[in-house]
Amino acid sequence: MEDSVLFRRFADALAGRTIPQDAARELAVRMEEDLGVRDGVLLMSAYGMDAGKAWRFSADPKAHEKEVVALMAPAFDAPKPPVPARHIEAACAALATIAAFAPDASQALAIAAYTLWFVGRDLLAGSLMRAALDRDEDNSLAAMVEDAIKRGIHPACVKG
């Protein structure tokens, strides 16, 4: 399945549809193989980036660096998260489905942990971060979430 199709399937899941099992498995594998794909899914989950932009970003992250910084930087200073709570819930549900269909993969759990940390849900973020690190002790995104939680670092939308 093409990456662009996988991003569209994930976008469908964010809109409340069930991600097909084959797409969930394949997306889990692609996120493990390619951190650009992982980060594209993260941008969709935590920041609301659309599937087309996330797919283009994943194919060439350096070429879209300014666009991503423009999306992320204000979110860390904003008084509220850049996406509504229902989007966060849908993202975490889709990521849980992906993680369930790929029991050795860690990236879906790490993205869910980051997304929940980003909106101040540290207890659940910490649980998912630990699950990601149990699957892969070298998962850099999960390690970043762990460090941020330990240090009490949060975006402005959480610090309020």
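Residue numbers start at 1 and run along the sequence shown.
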* **Closest non-hydrogen atom pair between Leu14 and Ala91, with its separation** => CD2-CA, 3.4 Å
* Looking only at non-hydrogen atoms, find the nearest pair between Ala110 and Ala132 and report the distance. => N-CB, 3.8 Å
* **Carboxylate-amine/guanidinium proximity below 4.0 Å for Arg151 and Asp147** => yes
* **Any side-chain heavy-atom pair of Arg8 and Ser4 under 4.5 Å** => yes
* Sort out for me which residue in Lys80, Arg86, His87 forms a side chain to side chain contact (heavy atoms under 4.5 Å, CB included) with Val83. => His87
* Asked: Using 30° and 60° as the class limits, which term best fits the ring planes of His154 and Trp117: parallel, tilted or perpendicular?
  -> parallel
* Structure fact -> Between Ala90 and Ala13 the two heavy atoms that sit nearest each other are CB-O, 4.0 Å
* Does any N or O in the side chain of Arg130 come within less than 3.5 Å of the main-chain N or O of Gly126, such that one atom is a donor and the other an acceptor? -> yes
* To do: Kindly give the heavy-atom pair with the smallest separation between Met72 and Tyr114, and that separation in Å.
  => CE-OH, 3.9 Å
* Structure fact -> Output for pair (Asp122 CG, Met129 CE), nearest 0.5 Å, gives 9.5 Å
* Asked: Measuring from Ile149:CD1 to Leu123:CG, what's the distance to the nearest 0.5 Å?
  -> 9.0 Å
* Mind checking whether Phe10 and Ile98 have side chains closer than 4.5 Å, heavy atoms only? -> yes
* Asked: Can any side-chain N or O of Glu32 pair as donor or acceptor with the backbone N or O of Ser106 at less than 3.5 Å?
  -> yes
* **Leu116 side chain near Ile88 side chain, heavy-atom distance below 4.5 Å** => yes
* Under 3.5 Å, is there a donor-acceptor pair between the side chain of Arg135 and the main chain of Ala99? -> yes
* **Validation row: Val68, Met49 side chains within 4.5 angstrom (heavy atoms)** => yes
* Show the numbers, then the answer: is there a side-chain contact (heavy atoms from CB on, under 4.5 Å) between Leu71 and Leu43? => CA-CA 9 Å; Leu71 176 70; Leu43 291 167; 4.2 Å; yes
* Structure fact -> Applying side chain to side chain contact (heavy atoms under 4.5 Å, CB included) to Met1 and not counting sequence neighbours gives Val5, Leu6, Asp22, Ala23, Glu26
* Asked: If you measure from CG on Leu95 to OG1 on Thr115, what distance do you get to the nearest 0.5 Å?
  -> 6.5 Å
* Validation row: Phe7, Leu27 side chains within 4.5 angstrom (heavy atoms) -> no
* Pairs touching residues 91-101 that satisfy side chain to side chain donor-acceptor pair (under 3.5 Å), sequence neighbours left out -> none
* Asked: Linking I/L/V/M/F/W/Y whenever any side-chain heavy atoms sit under 4.5 Å apart, do Val41 and Val29 land together?
  -> no
* Asked: If two hydrophobic side chains count as joined below 4.5 Å and joins carry through other members, does Leu35 share a cluster with Ile111?
  -> no
* Asked: Looking at CD of Glu146 and CG of Asn139, how far apart are the two atoms once the value is rounded to the nearest 0.5 Å?
  -> 10.5 Å
* To do: Report the C-alpha distance between Glu89 and Arg121 in whole Å, list the side-chain angles of each, state the deciding distance to 0.1 Å, and finish with yes or no for salt bridge (charged side-chain N to carboxylate O under 4.0 Å, His left out).
  => CA-CA 12 Å; Glu89 297 303 324; Arg121 295 180 58 189; 2.4 Å; yes
* **Lys62 bridged to Glu67 by N-O distance under 4.0 Å** => no
* **Minimum heavy-atom distance Gly36-Ser58, with the two atoms named** => O-CB, 3.2 Å
* Given side chains that start at C-beta, do those of Asp50 and Met44 come closer than 4.5 Å, heavy atoms only? -> no
* Asked: Which heavy atom in Phe101 sits nearest to a heavy atom in Ala24, and how many Å separate them?
  -> CD1-CB, 3.5 Å
* **Pairs flagged by salt bridge (Lys or Arg N to Asp or Glu O under 4.0 Å) wherever residues 34-45 is involved - sequence neighbours left out** => Arg30-Asp34
